Every structure is written in C-alpha cells, then in structure tokens.
Amino acid sequence: MASTTRDNRADGVEFIYEDDGRITARDLETGVASYGETKAEALVMLAEALSLQTGEGEPVTDETLREFGLDPENTGDDSLPEFMQ
C-alpha cells in the first residue's frame, strides 16, 4: 500500500511513496501528477507535466534545479532543500 505525506494547504505538492519504490509528486491545486525514482526527479517530471497541460512554461534545466538548491548531478532525496522534503 502506498503511503503519502500531506499538507493541509490547497496548494503545493503531495509526495506519494509507491509500493514499487517510485515517488509520485501530485500538484494539489490541479491534481496533475507525475513520478520519478527520487523526489527531485518526480518534481522535474511534474513541472514538465504541468507545462504540457497548460501549454506554457519552460523545461526544467540544471540551472533551475540549482536555483531551488538541488544538485543536478545528485537527484536523491537527500539533495532536496528542507522545505521540499
């Protein structure tokens, strides 16, 4: 059974830990979701999914990851800033 961490806000991201080891990131406002092997990868994929859904936005680049305090070379959960864990 998958487990999840929730925030009581109507916006933000919910992380769902799937039984197969993947992590699903779901945008609470839109319900759009995507997954990855790590939280960082799931967030990158979610950003892309949101961009595709709205027809807007720009792809997540290594520079974008750095702006959020993520190391593009190390996308494990331990590379996430505290506020994103």
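Quick caveat: nothing in here was measured; it's all calculated off a predicted structure. Numbers for residues simply follow the sequence, beginning at 1.
- Under the side-chain contact (heavy atoms from CB on, under 4.5 Å) criterion, T30 pairs with D27, V32, L50, Q53, not counting sequence neighbours.
- The line from CZ of R66 to OG1 of T61 is 8.0 Å long, rounded to the nearest 0.5 Å.
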(message) Determine whether L65 and V44 satisfy the following criterion, side chain to side chain contact (heavy atoms under 4.5 Å, CB included), listing intermediate values before the conclusion.
(response) CA-CA 8 Å; L65 291 174; V44 168; 3.6 Å; yes

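- Residues satisfying the side-chain contact (heavy atoms from CB on, under 4.5 Å) criterion with E67, sequence neighbours excluded, are E63.
- Looking only at side-chain heavy atoms (C-beta outward), V13 and L46 come within less than 4.5 Å of each other.
- In summary, of the residues considered (R26, M45, E48, E41), a side-chain contact (heavy atoms from CB on, under 4.5 Å) with S34 occurs for M45 alone.
- Nearest heavy atoms, E14 versus L28: CB-CD2, 3.6 Å.
- Y35 places none of its side-chain heavy atoms less than 4.5 Å from the side chain of D20.
- Evaluation of the side-chain hydrogen bond (donor to acceptor under 3.5 Å, both in side chains) rule for T24 yields E18 as partners, not counting sequence neighbours.
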